[in-house]
Amino acid sequence: MTASPSAFIRGTGSLLAGLGVTIKAFFQPVVTSQYPRQLLDISPRFRGHVKLLASADNPEKNGCIACGICAKNCPSGSIKNVEGEKREGEKRKTATSYTLDYTTCSQCGICVESCPSDCLAFSADFNCAGYKREDFYYDLVKEFEKRKKTS
Amino acid sequence: MVESRYMTINMGPQHPATHGVLRLLLELDGEIIVKAEPHIGYLHRGIEKLSESMTYPQALTLTDRLDYTSALSNNLAYCLAVEKLLDIKIPKRAQYLRVLMAELQRIAAHLLWVATHALDLGAMTLLFYAFRERETILEILELATGARLTPSFIRIGGLASDIPATFLPRVKAFVEDFPRRVDDYETLLTENIIWKKRTTNIAPMSAEECIQYGVTGPVLRASGVCYDVRKAYPYSSYEDFDFEIPLGSHGDVYDRYLVRMKEMRQSNRIVKQAAEKLPDGPFAAVDAPLVVPPAKEEVGRDIAALIRHFKIMQEGFRPPCGEVYASIESSKGELGFYLISDGTNKPFRMRIRPPSFINLAALPKMIEGQMVADVVAAIGSIDIVLGEIDR
Ligand code: SF4
Ligand code: SF4
């Protein structure tokens, strides 16, 4: 197949025009970031795994009243073992165990929305890793206590 | 055994150009395709059946996983169907934001498409540029929704929440910048001699054939048929926006490429208008107290709101008995949801009309008689997503 000289020039020109785009990009600022040495800002609404928040009237304890609405609403059935006890002199229960199976959680946010005491929120943990499945069965009550100690 | 002069080969399910897990059974006469048969189902998760055991708000999270390149469009189509069933009115602000997000998502999906399609055909450069802009869009969407791929942000009755203050300035900055970027993509491909040779007159479909096969979306419009659900049956206030429907004439791979490139520019126009005209007001329906839960602050203060919250969260809502069909123009074509309600809080039946599934059925027609090397171009040009085909 032989191309006419004008078609050949047009064809080559089209390739050179494309090359021009690449050369232009060469002098533009770099858009990639060197993870993990360089981290990007995370959206404040980022949805990591859910975490328990402190109770509104007592920052020492978690605000979960163990009503189980979140577990009932979770489309993936990822919330289990929601149990609580009523402590002396308190009106409501306080959660003593709360397991999130992060392996099946889809971070949809239904649990956060459904919580009547507004004590669930998304964490900004994005780099969770583990060696086995059980590493992702989070006990959120324990996680809350740990967070309380470190903060 | 009788010797056949044809050779049968399997393309996929692990072929990088099949964009997922599509298996094509090709019968070849030398390099010419005699027969092609798509085998699907490798990604089947039973989403339609699964939804029957979930309440309406829960089933929404499944729709993200249909066409995972444009999850917000799927959310929108599902919500429109349920809202039709419930007969509730959505405030203008929510409608505009839905349009804005769906169009951003369309641009992102088309960018993903053009990047991978060009990569399949050996034009790798574009991938990096297209992904740069796609990343910007995903970041913008993440700013509002908190997730990049599976936002579940468009909810029955409106949106999950209002947008943050930083959202609109970023959208506007993107919209201003984007046409220049599309120019760059077009410089790389539209006149490129290699690109043209690999795409013109490949896998053509005439307008009649497209209609016979029920093809929708850019593939249909590349054949010159002007059918776009946004114009034909406007939903979510699309009638308020000024945009054009790009059409092709030959219905080949090159025209499908051109149509999608033009569509990105039109989507950009819509996003711009939506951002400029965005009215104030509530982000979710106010006249549907049994569907949309009360605001969290109210729940803490007001016992009636708390009871309402509990009721919605415990039982969901019960739409009246009936059947509805609602469809939208997703990035792939007409995406429809057919819902049957038996008056309980779970769908009795949810049937999805995925555009990719129906467009894929036209693939054998496109490639029979063509060269085997062009199969990759043909698959790329229909822009299939297996998550939506297999459901
Ligand atoms: S985010 Fe969704 S899937 Fe995850 S625990 Fe909450 S409700 Fe369940
Ligand atoms: S809905 Fe809220 S208060 Fe109730 S169990 Fe879940 S986290 Fe606790």
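All values below were derived from every heavy atom in this structure, side-chain atoms included, with hydrogens, water molecules and symmetry-related copies excluded. Just so it is clear, the structure is predicted and the values come from calculations on it, not from any experiment. Note on naming: letters A, B, ... go to the chains in the order of the sequence lines (proteins, then strands), and numbering restarts at 1 for each one.
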Partner chain A: residue of B:E142, B:E186, B:E191 with the largest heavy-atom pair count (under 4.5 Å):
B:E142

For the interface with chain A, which of B:T145, B:T55, B:I194, B:T125 has the highest count of heavy-atom pairs at distances below 4.5 Å?
B:T145

So that I can tick it off, tell me whether A:D101 and A:R133 are bridged by a salt bridge, with the cut-off set at under 4.0 angstrom between side-chain N and carboxylate O.
no

If you count every heavy atom of other residues, nucleotides or ligands that lies below 6.0 Å from A:F126 atom CZ, does the total exceed 12?
yes

In this structure, is the centre-to-centre distance between the rings of B:Y56 and B:F317 below 6.0 Å?
yes

Taking B:R45 for the side chain and B:G387 for the main chain, is one N or O donor matched with an acceptor at less than 3.5 Å?
yes

One option among A:K24, A:R10, A:R45 has the most heavy-atom pairs under 4.5 Å with chain B, and it is A:R45

Over 12 non-hydrogen atoms of neighbours within 6.0 angstrom of NZ in B:K49:
no

Could you walk me through whether B:Y254 and B:K196 pass the side-chain contact (heavy atoms from CB on, under 4.5 Å) check?
CA-CA 7 Å; B:Y254 186 66; B:K196 273 184 134 172; 3.6 Å; yes

Check whether B:F131 forms a cation-pi arrangement with B:R134 (NZ or CZ under 6.0 Å from the six-membered ring centre, at most 45° off the ring normal).
yes

What residue, out of B:S152, B:S53, B:P151, has the most heavy-atom pairs lying under 4.5 Å from chain A?
B:P151

Take atom CG in A:D41; do more than 12 heavy atoms of anything else shown fall under 6.0 Å from it?
no

Write out, in numerical order, the residues from residues 153-160 of chain B with a heavy atom short of 4.5 Å from a heavy atom in chain A.
B:F153, B:R155, B:A160

Answer yes or no: is there an ion pair linking B:E135 with B:R148, defined by an N-O contact shorter than 4.0 Å?
yes

Among A:C108, A:G48, A:P116, A:S106, which residue has the highest count of heavy-atom pairs closer than 4.5 Å to chain B?
A:P116

Flag the one option from A:G20, A:C70, A:C115 with the top tally of heavy-atom pairs under 4.5 Å to chain B.
A:C115

Take the angle between the ring planes of A:H49 and A:Y138 and call it parallel below 30°, perpendicular above 60°, tilted in between.
tilted

Contact listing (chain A partner; residues 64-74 of chain B; heavy atom under 4.5 Å)
B:R65

Whether A:D135 and A:K132 form a salt bridge (side-chain N of Lys/Arg under 4.0 Å from carboxylate O of Asp/Glu) is what I want to check.
yes

Please tell me whether B:H117 and B:Y257 form a close aromatic pair, meaning their ring centres lie under 6.0 Å apart.
no

What part of B:F128 is in contact with chain A, defined as an atom under 4.5 angstrom from a non-hydrogen atom: side chain, backbone, both or neither?
neither

Proximal component of A:V21, with respect to chain B [non-hydrogen, under 4.5 Å]
both

Test side-chain contact (heavy atoms from CB on, under 4.5 Å) on A:L53 and A:L120 and set out the steps.
CA-CA 6 Å; A:L53 297 179; A:L120 280 179; over 6 Å; no

